[in-house]
Protein chains: 2
Amino acid sequence: MIAVASAAEERPARVSGIDKIERRRVALAESALKTLGELGYARTSLREIANNSEFTHGVVHYYFRDKIDLISYCVRYYKTKCARRYDEVVETATSADELGAGFLAKMTQTLVEETPMHRLWYDLRAQSMFEEQLRADVIAIDQLLEEMIWRILSRYAELVGGEAAVDAATAYALMDGLFEQAVVGYAGDPAGAPERLAGRVSQILPKLIITT
Amino acid sequence: MIAVASAAEERPARVSGIDKIERRRVALAESALKTLGELGYARTSLREIANNSEFTHGVVHYYFRDKIDLISYCVRYYKTKCARRYDEVVETATSADELGAGFLAKMTQTLVEETPMHRLWYDLRAQSMFEEQLRADVIAIDQLLEEMIWRILSRYAELVGGEAAVDAATAYALMDGLFEQAVVGYAGDPAGAPERLAGRVSQILPKLIITT
DNA sequence: GAGATTTCTTGACAAGTGTCAAACAAAGTC
DNA sequence: GACTTTGTTTGACACTTGTCAAGAAATCTC
């Protein structure tokens, strides 16, 4: 897995200092993510990020080697927050229906409440096809998301007393297709998108299980 | 549907002239699409487009009001070429297996041979979430692609003697998820991606049909 | 072929970009 | 308190961007 410290190898090793640096970095990243989620990768400049934060544009360059380093850090920071979204539901659900309902609820919730982040993710994944510096991080996140979906599906199969009818990569691609459609649609017309997503997912989920 | 003439309302109405203008526009658009497919939306400038063409950057601005006008035209031009990709297969196939095989063949073929176009499409669809000037065109193409998938699926169901188990939008989202995964994966590692895609699609296709 | 019209080239502009470095402030060290 | 280290501001740089306008070239019209 990729370490989250990349541009700081040659910085002084005082422990408290590193902690402080790391905290500044996280603050910068959080601010940058807000701007990135709003404007997208193409239209976000370092100055815009700095303006929307409490820092000046020089500070950004003090804590990150260059733009890619910052964005890359943001992506890796983001991943740590997103791929564990459904863990609680998976762990606490005691029936297939409960798991399904919890999954759908969390899914539509994050669609609505974290729209900018999802927009950014699909944007960055597209960018990774053109900028190979982003590729490794994107692949890592995709892997995490795939595992997330797989945990849900295999647990669902277990509760229903069957087994998954497709492999993890396929299941992820299908679910992601539905979710991306919802995110894109939500950008144009927020009304009804969550319900449509929920309907489609609950329609598909049973088809990915073979009851033995 | 959106007309393909947008910035030329006030130009002289000589018929042969309009034709010539339109031909120049198409030439510009084709050249621009090549560059866009290579570099992506964010990194493509009007000058870059002009440099990779036989025209100068002034010509671009002579035929298109601004950058968005050009890109928008490109997108609309592109759509006319892509959404009829499987029509021949649908029309000539006489059995479900033949249709499935033909579909898979064309799908993997376009994945390999038109990679830049597909990359660009996913890029632009992501951009449309941030730039509402692109949104209408993207929605129109999405609609076309959805209908394309629906023609395949419903014909497939017909040949197999059943009917589709999901609606058009759902079917498109699922297929698109698989295809996008393949396109993104193909960018990082071309080897094996087409085969994986074919395997996954052929695994899913039957699950979208109810045999009555 | 002269004159008008369309097409294209060239060069310029203002604005914005990533990057960096020198001056300055703050904090820690002896 | 002087001095070094760490953090921050500010302003500048070289460059690219979209846009436009003035004029040259080509084409058409009579």
Can you tell me how far [atom2] of [N] sits from [atom1] of [X], to the nearest Å?
X: A:Lys67; N: C:dT19; atom1: NZ; atom2: C1'; answer: 13 Å
X: B:Leu46; N: D:dG18; atom1: CG; atom2: P; answer: 4 Å
X: B:Phe55; N: C:dT10; atom1: CZ; atom2: C1'; answer: 17 Å
X: A:Arg24; N: D:dT6; atom1: CZ; atom2: P; answer: 16 Å
X: B:Arg23; N: D:dT27; atom1: CZ; atom2: P; answer: 14 Å
X: B:Glu48; N: D:dC15; atom1: CD; atom2: P; answer: 17 Å
X: B:Arg43; N: C:dG16; atom1: CZ; atom2: P; answer: 21 Å
X: A:His57; N: C:dT19; atom1: NE2; atom2: P; answer: 12 Å

Over all atoms of both residues, closest heavy-atom pair of B:Asp189 and B:Ala193: O-CB, 4.2 Å
Closest-nucleotide mapping onto DNA chain C: is B:Glu54 or A:Ile68 further toward the 5' terminus? I mean the 5' end. B:Glu54
If only side-chain N and O atoms of [X] are considered, is one of them under 4.0 Å from the OP1 or OP2 phosphate oxygen of [N]?
X: B:Tyr62; N: C:dT7; value: yes
X: B:Tyr63; N: C:dT7; value: no
X: B:Ser45; N: D:dT17; value: yes
X: B:Arg65; N: D:dG18; value: no

Rounded to the nearest 0.5 Å, how far does [atom2] of [Y] lie from [atom1] of [X]?
X: B:Thr44; Y: B:Glu38; atom1: OG1; atom2: CD; answer: 9.5 Å
X: B:Arg85; Y: B:Lys81; atom1: CZ; atom2: NZ; answer: 10.5 Å
X: B:Met148; Y: B:Arg84; atom1: CE; atom2: CZ; answer: 10.5 Å

Let me know, please, whether A:Gly58 or B:Gly58 comes out on the 5' side of the other along DNA chain D by nearest nucleotide. A:Gly58
If you check every side-chain atom of [X], which of [options] has the closest atom?
X: A:His61; options: D:dT19, C:dT7, C:dT19; result: C:dT19
X: B:Thr56; options: C:dT10, D:dT19, D:dT10; result: C:dT10
X: B:Asp66; options: C:dC20, D:dT19, D:dT8; result: D:dT19

Between the side-chain atoms of A:Arg47 and the base atoms of C:dT19, is any donor-acceptor pair under 3.5 Å?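 Answer is yes: a donor-acceptor pair is held.
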Do A:Lys106 and A:Phe179 form a cation-pi contact, if we require the NZ or CZ to be under 6.0 Å from the six-membered ring centre and within 45 degrees of the ring's axis? no
